[in-house]
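Presented below is the structure to which this report refers.
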Amino acid sequence: MRYIGERIPRVEDERLLTGRGQFVDDIPLPGALEGAVLRSEHAHARIVALDAGPALALPGVLAVITAADLGPALRPFPVMQQHPGLAACYNMAALADGVVRYVGEPIAFVVADNRYVAEDALELITVEYEALPAVASLEAALAPDAALVHAGAPGNLCGGFTQGAGDVDAALAAAPRILHQRLRIERGSAQPMETRAVAARYEDGQLTVWSSTQRPHRLRSIVAEFLGLAPEQVRAIAPDVGGAFGAKGNFYPEELLVPFAAMAIGRPVRWVEDRRENFLAMTQDRVQRFDITAGVDGDGRLLALKVECLHDLGAYAPYGFIPMVNIANHIIGPYKIPAIAVTLRGIYTHCTPTAAYRGAGRPQGVFAVERTMDLIARELGCDPAEVRRRNLIQPGEMPYDTGVSVGQSRLVYDSGDYPACQAAALAHLDYAGWRQEQGRLRAQGRLIGIGLANYIELASTEPFEGARLEATADGELIVRTGAGSQGQGHQTALAQIAAELLGLSLHQVRVEAGDTAGIAKGIGTFGSRTAILVGNAIRVAADQLRQQAIETAARLLWVSPQELEWHGGGVQRKDGGVQLMLAGLARAALDQGAPLAATHYFANPGLHTANGTHAAVVEVDGSTGVVRFRRYVVMHDCGIVINPLLADGQVYGGLAQALGGSLYERLVYDESGQLLTGSYMDYLLPTAAEMPDVELHHMESASPHTPLGVKGAGEGGSLPPYACIAAAIEDAIGVPVRALPLSPSQITALMRGEAMG
Amino acid sequence: MKPPPFSYHAPITVAEAIDLLGRYDGDAKVVAGGQSLLPLLNFRLSRPAALVDINRIPGLDYIRADGGMLEIGAVTRHRAVERSAVVAAHCPLLAEAVRHIGHFQIRNRGTIGGSIAHADPAAELPIVLTALEGEVVITGPGGVRTATASEFFITLFTTSLGSDELVTAVRFPTLGPGTGSAFQELARRSGDFALVAVAAALALDEAGAVRWVRLALGGVDLVPVRAAGAEEFLAGKRPDAATLAEAAALVAGEINPESDLHATAEYRRQLAAVLTGEALETAARRAAEGGECGHA
């Protein structure tokens, strides 16, 4: 059967859509207690005193855990990724110890019979704060004499680095034209439909932790280390997870507090984040401010690009510089840039920490370079599509060495036809036709704008991911991996790969992901990596399983393995005789002393560069500033597509989130660090009614790195819309757009010639 | 986001409800559709000692028209109003406005009385009540009284309803032949509270001039407001494009919007002018085409 490339409906959907999913909140845990977190009301304060007595006296309250109770478990969590530029890196701990640094930082953990009582108890804990001055924006954090988020980080600087190639200053000095712009993109957050949730049970020396995490194996390691357990005493399970988008990749305080409480009290404990907490305590995305200097020739060719970027980390840097590195990597884009220097500085503020969210810096890198392409077009009076075309890397130049080194490795693009991709998008849009229509309608006073954005999407394939294939006596093949699904459709896509490679029926394959008991090692799902790493781990393990099956059959049939071959989901004699199917082979293997199973950990084989082009036509209502989409075309190239239905879903979902960040969603903090948009009344997620009708086309430039030819698809949809929408609005209103998101009120102000506040 | 403890009562008569409200002396909240109250409880922003659930009181769920008045019982759901042929025939402005309330799931639960009593200045029903000069029917220990919009809406989320009183019905006058009305609003997303909303109703005389006009705006002040200056300006004039544009500009000048996270005051003024112009144009066209009873 052919499965790879087929538009197969998701096998998990029937279960999930009929309410039979098992999310952390659904895990049956008889006798479980419920937790609630006391969170800081101040963005910056010293905790002078805390009195939990009245809370403990409330009937139904089992425990109030404070920093003093945590003992050796009270220390900062390990940072996700080290970087030589991290001069003063601070991560969060399970509870604030003496000083709080953002509104929402955990101070105490109440465990009670149920959540209602637990929340009543929160109100009975008295905390005496000594309020300290807060810095709640990049500008405030960088002001002279600004309050410090961490005493060890002078100037609120966590650190920084410069990444690039060539001599950018010399190239700028020699360039015929120099262009500048400052760009800014505001805070947003992932808003998964399922908030975070953690449950834990400790029985007979075994700790089981359920968490809506993207990284169960890392969770197990940290929990074991912090609670003084051996890793084999801890099992971490990410059951069904209702969306994550990077924000559930972090290790969070509650993931330690819940198992700590379960062990201390001796009963299962569950904590389910509510939406208000999610707004305050789940890691957020951006702000970034870019100062861009571009050196160009008279034809609009980019000769040199110098970018200085300030990145608002919030109060801690749990991910180190991961989003900043992604920004730097994706500013290059699909363009030939002879000299480039991207300098990024990570700045602490008294706001919720920022980490990864759908693209983890990639969208902002794309925003910076694509807005630069439009700047060049505007300043030189060229067509923006033509400016891009002149700068694109050509297919004959693949693999393309950008000249930029990241750590020990070089950024080398593997494959793709960027000019064809852009040309196809323009053709599908009818770019020339819309340019004419734009002129015609403008004469009637109507504001039509056309926007375009290209991108490349580098998958996060460091360091590895694994797959374990097990044949069962029932003739089923179980695929186990540490990379769980948060809605991507792993149970379908990974089954398609396994079924096709082994000649099985799709119904024979069951995917069990995200359980540390299922596979010894695992990293997780993030950074558009699963199809590449787990897909290829399945491929190699399938080869091993096939060989094992042949050897098993050879022993059973008293023949030489050379007389046997894998065919049609089983083993048969080459001369056409006896065929043994999977169930029989699995039983025979068990009889012979070992299960029919194979595990492979597939290590990063090199950089995979997916790419694409988005093109949009918008109409801006001149009297209200409302943006309406007339057309939205996506060209999407993620290499070989495993399942177009799932790939389409990834693009639509990414686009919806980026649409939010472009026109609707903004986390606003006041000067004292209070979040002003902490509910869905004020934080506006786009709904189906706000989505444009999207015309989506796939190209398939196979990656040469693996036989599967797949690339990353999880984030591509979210990378170019920010730049594309900004370009379209700018084109419509004839005023430079340098900041996102943009509300109709702000668009109207731009049209009146006011600077954006 | 769990509410603090409260007592729960589900009376089956209006008298019993009023008695309960009196006994709690301001420390009880009436719940019907729960669309505004429950979030406030879950955020612990409202902490009443008791909830008085009026859903089980018979006789509060009705829509009827007589004597030039459309009367709607307090626990009537928005969705029922939206789908009512009686409302469409006797108060098309209300039928038009109610479609803008939230999403249909919200309209299935939310009630007419709840929306009026909650007194959100950007909510649709208070604006329509203000434009049509309707009245709120209030039952208290001493019996039934009525209040006009200006008597009822005091300020943001605050009404003249006594702590032992209950909104039992809302009345909207039927406009009659030769009249036209229209509702316009702009929200950030479909289903959101309006940034600005405008309700317009007017009557034309035989010569096609404005006999009377009423303009009410929401989202521009602490309560829904009438644009008296623009109304006065329009009276007696033919509603041509230039006149309507001038009226719209007057509206922008006579309101007092504030800036918030979603829009500046200046933007709201501009929006008020744009939406007023559109509402007036539509209302005038409908009036010219025969009027309210005609296009029902």
Side-chain angles (χ1 to χ4, degrees), chain A residues 34 36 58 112 114-124 195 272-279 621-626 659-660 663-670 675-691 741 743-749 751-752 754 756-757, chain B residues 1-6 35-36 38-45 47 99-100 102-106 120 122-123 184-198 219 245 248-249 252 257-278 281:
Chain A
E34 289 192 275
L58 187 71
N114 60 57
R115 177 77 184 221
Y116 291 84
V117 176
E119 290 194 22
D120 293 342
L122 292 183
E123 296 187 334
L124 298 174
T195 52
V272 178
E273 184 180 51
D274 68 31
R275 187 59 67 181
R276 178 162 53 171
E277 293 182 281
N278 184 264
F279 269 103
D621 184 323
S623 63
T624 63
V626 170
L659 174 70
L663 297 178
Y664 298 100
E665 300 177 42
R666 181 178 173 188
L667 293 169
V668 181
Y669 285 85
D670 71 11
L675 180 62
L676 302 181
T677 53
S679 84
Y680 287 148
M681 283 286 285
D682 289 313
Y683 188 83
L684 308 179
L685 292 172
T687 71
E690 280 70 53
M691 267 293 275
S743 67
S745 180
Q746 290 167 312
I747 290 171
T748 306
M751 292 168 71
R752 281 197 300 262
E754 295 168 15
M756 272 185 56
Chain B
M1 294 179 74
K2 304 290 184 199
F6 56 82
Q35 297 302 290
S36 301
L38 292 193
L40 291 173
L41 293 177
N42 287 338
F43 275 112
R44 298 192 173 217
L45 293 171
R47 350 180 29 117
R99 287 194 288 270
H100 290 278
H103 305 275
F104 76 84
Q105 295 92 335
I106 290 170
D120 188 309
Q184 285 286 342
E185 76 167 55
L186 190 86
R188 287 293 308 274
R189 300 170 302 180
S190 85
D192 280 338
F193 275 101
L195 293 173
V196 175
V198 179
E258 290 196 5
S259 295
D260 64 17
L261 294 168
H262 301 298
T264 60
E266 189 175 7
Y267 178 72
R268 281 194 162 87
R269 276 183 207 284
Q270 176 174 335
L271 212 51
V274 171
L275 297 174
T276 299
E278 290 171 1
E281 190 196 328

Below 4.5 Å from any heavy atom of chain B, which atoms of [X] appear? Answer side chain, backbone, both or neither.
X: Arg752(A); result: side chain
X: Thr748(A); result: side chain
X: Glu123(A); result: side chain
X: Val117(A); result: neither
X: Leu685(A); result: both

**Complete:** In this structure, CZ of Arg188(B) is separated from CG of Leu684(A) (nearest 0.5 Å) by 5.0 Å
**Asked** At what distance, to the nearest 0.5 angstrom, does CZ of Arg189(B) lie from CG of Leu663(A)?
**Response** 12.5 Å
**Asked** Taking Arg268(B), His262(B), Arg44(B) one by one, which has the highest count of heavy-atom pairs under 4.5 Å against chain A?
**Response** Arg44(B)
**Asked** In terms of heavy-atom pairs under 4.5 Å with chain A, which of Leu271(B), Leu261(B), Leu275(B) leads?
**Response** Leu261(B)
**Asked** Got a sec: does the CE of Met681(A) have more than 12 other heavy atoms crowding it under 6.0 Å?
**Response** no
**Prompt:** Are there more than 12 heavy atoms of other residues, nucleotides or ligands under 6.0 Å from atom OH of Tyr680(A)?
**Reply:** yes
**Message:** Under a 4.5 Å cutoff for heavy-atom pairs, which residue among Ala36(A), Ala689(A), Ser743(A), Ala118(A) has the most contacts with chain B?
**Reply:** Ser743(A)
**Prompt:** Taking every heavy-atom pair that is under 4.5 Å apart, which of Ser623(A), Ser679(A), Gly625(A) has the most such pairs with chain B?
**Reply:** Ser623(A)
Chain A heavy atoms under 4.5 Å from [X]: which part of the residue, side chain, backbone, both or neither?
X: Asp260(B); value: neither
X: Phe43(B); value: both
X: Pro39(B); value: neither

[X] (side chain) donor-acceptor with [Y] (main chain) under 3.5 angstrom:
X: Tyr267(B); Y: Thr624(A); answer: yes
X: Ser745(A); Y: Thr264(B); answer: yes
X: Glu119(A); Y: Pro3(B); answer: no

